Asks: 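Please read through the structure below; I'll follow up with questions.
FYI, side chains are in, hydrogens and waters are out, and symmetry mates aren't considered; it's all heavy atoms of this structure. Computed from a predicted structure; not experimentally measured. Both ligands and their constituent atoms are indexed starting at 1 by order of listing.
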Amino acid sequence: MADRPYTLLSCGISIDGYLDSAADERLLLSNNADLDRVDAVRATCDAILVGATTVRNDNPRLLVRRQARREERVARGLPPSPTKVTVTRGAKLDVGASFFTTGDTEKLVYCPSTRVAAARDRLGSVATVIDGGEPVTMQRLSEDLYARGARRLMVEGGGIVHTQFLTADLADELHLVVAPLFVGDSRARRFVGDGRFPWNPGRRATLAEVRPIDDVVLLRYALSSRFRMD
Ligand SMILES: NC(=O)c1ccc[n+]([C@@H]2O[C@H](COP(=O)([O-])OP(=O)(O)OC[C@H]3O[C@@H](n4cnc5c(N)ncnc54)[C@H](OP(=O)(O)O)[C@@H]3O)[C@@H](O)[C@H]2O)c1
């Protein structure tokens, strides 16, 4: 197996395990202190990945927000924010999305081999479109990112992407933030979908840390032997 980046999955969920509500407006799960923690984690990474639905629904910038953290990265010879990465089959992404228009940093789009030409037509002016295989697997994507120099990858959702990293046993660490509210609507997206997960009743994951952050709680799980407590 080729090398892959150390991979950290990060997300916020409701008490009943949802990533979002079923409504159009984005559900606020985190709080300011936790957003700042996430910003600090981002600043330690070489690349940040989100699925195409998250780009469309949430329009995230995926930048390091704090000036001091950006400056510290630049002083280390890095771009101010990590490389932005997304994956799509249909390539129906808006070139005006914040993912593409913000930040002096590289933007990578992985798509299936048969879609590369169409994706380049649409997105080639704002991102590097990469053939991720047929179908795109997170294994191949991870190995390609490693070959491009990424040693630490942060995966920020959504559920379809998290499910693939977890079921393929490609995650080294999970940061799960539980917000004190219920969604209570099965039309909403859960943290993960169905699948065979490497952690189950016969193989429990290791709980490495529990940290209250104002009204949310961070659960930090070690998911591989590569896990390092920082
Ligand atoms: N609470 C949190 O921390 C958090 C974080 C992130 C997102 N979210 C929420 O999660 C929701 C979105 O989650 P989601 O699970 O529906 O979607 P997602 O994981 O963000 O994106 C899924 C999409 O990514 C593309 N994709 C994923 N795997 C692929 C593969 N192997 N090959 C090709 N394309 C692939 C496809 O894009 P195409 O459809 O373009 O083909 C697919 O429809 C949003 O509502 C967002 O608000 C919450």
Asks: So Arg190 and Tyr18, side-chain hydrogen bond (donor to acceptor under 3.5 Å, both in side chains) or not? Walk me through it.
Replies: CA-CA 4 Å; Arg190 282 190 186 276; Tyr18 289 100; 3.1 Å; yes

Asks: With the threshold set at under 4.0 angstrom, would you say Asn57 reaches ligand 1 through any of its heavy atoms?
Replies: yes

Asks: Got a sec, which residues hit side-chain contact (heavy atoms from CB on, under 4.5 Å) with Ala47, two or more places apart in sequence or on another chain?
Replies: Thr83, Val85, Ala150, Leu153

Asks: Is a donor from one side chain sitting under 3.5 angstrom from an acceptor on the other, for Glu173 and Tyr6?
Replies: yes

Asks: Would you say Arg56 has any N or O atom under 3.5 Å from an N or O of ligand 1, going by distance alone?
Replies: yes

Asks: Tell me whether ligand 1 is touched by Gly12 - counting only heavy atoms on the residue side and a distance under 4.0 Å.
Replies: yes

Asks: At a 4.0 Å cut-off, with the gap strictly under it, does some heavy atom of His162 reach an atom of ligand 1?
Replies: no

Asks: With atoms numbered from 1 as shown, which atoms in ligand 1 lie under 4.0 angstrom from a non-hydrogen atom of Ile160?
Replies: 15 (O), 19 (O), 22 (C), 27 (C)

Asks: Any N or O of Arg89 that comes nearer than 3.5 Å to an N or O of ligand 1?
Replies: yes

Asks: Side chain to side chain contact (heavy atoms under 4.5 Å, CB included) between Arg204 and Trp199: does it pass, once the steps are laid out?
Replies: CA-CA 5 Å; Arg204 291 157 74 107; Trp199 307 277; over 6 Å; no

Asks: I need the nearest protein heavy-atom contact for atom 46 (C) of ligand 1: residue, atom name and distance, please.
Replies: Asp58 OD2, 3.2 Å

Asks: Any side-chain donor-acceptor pair under 3.5 Å between Arg42 and Ser81?
Replies: no

Asks: Measuring from atom 30 (C) of ligand 1, which candidate in Val87, Leu49, Val38 has the nearest non-hydrogen atom?
Replies: Val87

Asks: Hey, which atoms in ligand 1 end up nearer than 4.0 Å to a heavy atom of Gly159?
Replies: 13 (O), 14 (P), 15 (O), 19 (O)

Asks: Looking only at side chains, do Thr102 and Lys84 share a donor and an acceptor under 3.5 Å apart?
Replies: yes

Asks: Any atom of ligand 1 sitting under 4.0 Å from a heavy atom of Lys92?
Replies: no

Asks: Going by the closest heavy atom to atom 4 (C) of ligand 1, which one wins out of Ile13, Leu141, Leu28, Leu19?
Replies: Leu19

Asks: Give the residue and atom name of whichever protein heavy atom lies nearest to atom 40 (O) of ligand 1, and the separation in Å to one decimal.
Replies: Thr88 OG1, 2.6 Å

Asks: Who gets closest to atom 28 (N) of ligand 1 by heavy atom: Met138, Arg115, Gln164, Arg189?
Replies: Gln164

Asks: Between Glu72 and Arg66, is there a salt bridge with N-O shorter than 4.0 Å?
Replies: no

Asks: Any idea which heavy atoms bring His175 and Leu218 closest together, and the distance?
Replies: CB-CD1, 3.8 Å

Asks: I need the Ser21 OG to Leu29 CG distance, nearest 0.5 Å.
Replies: 9.0 Å

Asks: Glu156 heavy atoms, cut-off 4.0 Å: which ligand 1 atoms fall inside?
Replies: 5 (C), 6 (C)

Asks: Quick check: closest heavy atoms across Phe191 and Leu174, and the distance to 0.1 Å?
Replies: CZ-CD1, 3.9 Å

Asks: Note the single closest protein heavy atom to atom 43 (O) of ligand 1, along with its residue, its atom name and the distance in Å.
Replies: Thr53 OG1, 3.5 Å

Asks: Hey, does Leu29 come in under 3.5 Å of ligand 1, counting only N/O atoms on both sides?
Replies: no

Asks: Please check: side-chain N/O of Arg4 versus main-chain N/O of Tyr146, any donor-acceptor pairing under 3.5 Å?
Replies: no

Asks: How far is atom 18 (P) of ligand 1 from its nearest protein heavy atom, and which residue and atom is that?
Replies: Gly158 N, 3.6 Å

Asks: Would you check if the side chain of Ser113 reaches a backbone N or O of Asp131 as a donor-acceptor pair within less than 3.5 Å?
Replies: no

Asks: For the 3.5 Å polar cut-off, considering only N or O atoms, please tell me whether Val161 and ligand 1 meet it.
Replies: yes

Asks: So if I count the atoms of ligand 1 from 1 in the order they appear, which ones are less than 4.0 Å from some heavy atom of Cys11?
Replies: 3 (O)

Asks: Looking at atom 24 (O) of ligand 1, what's its closest protein heavy atom, distance included?
Replies: Ala52 N, 3.2 Å

Asks: Does a side-chain N-to-carboxylate-O contact under 4.0 Å join Asp20 and Arg187?
Replies: no

Asks: Give the atom numbers and elements of ligand 1 that come within less than 4.0 Å of a heavy atom of Gly51.
Replies: 18 (P), 20 (O), 21 (O), 24 (O)

Asks: Just distances here: any N/O of Thr54 and N/O of ligand 1 closer than 3.5 Å?
Replies: yes

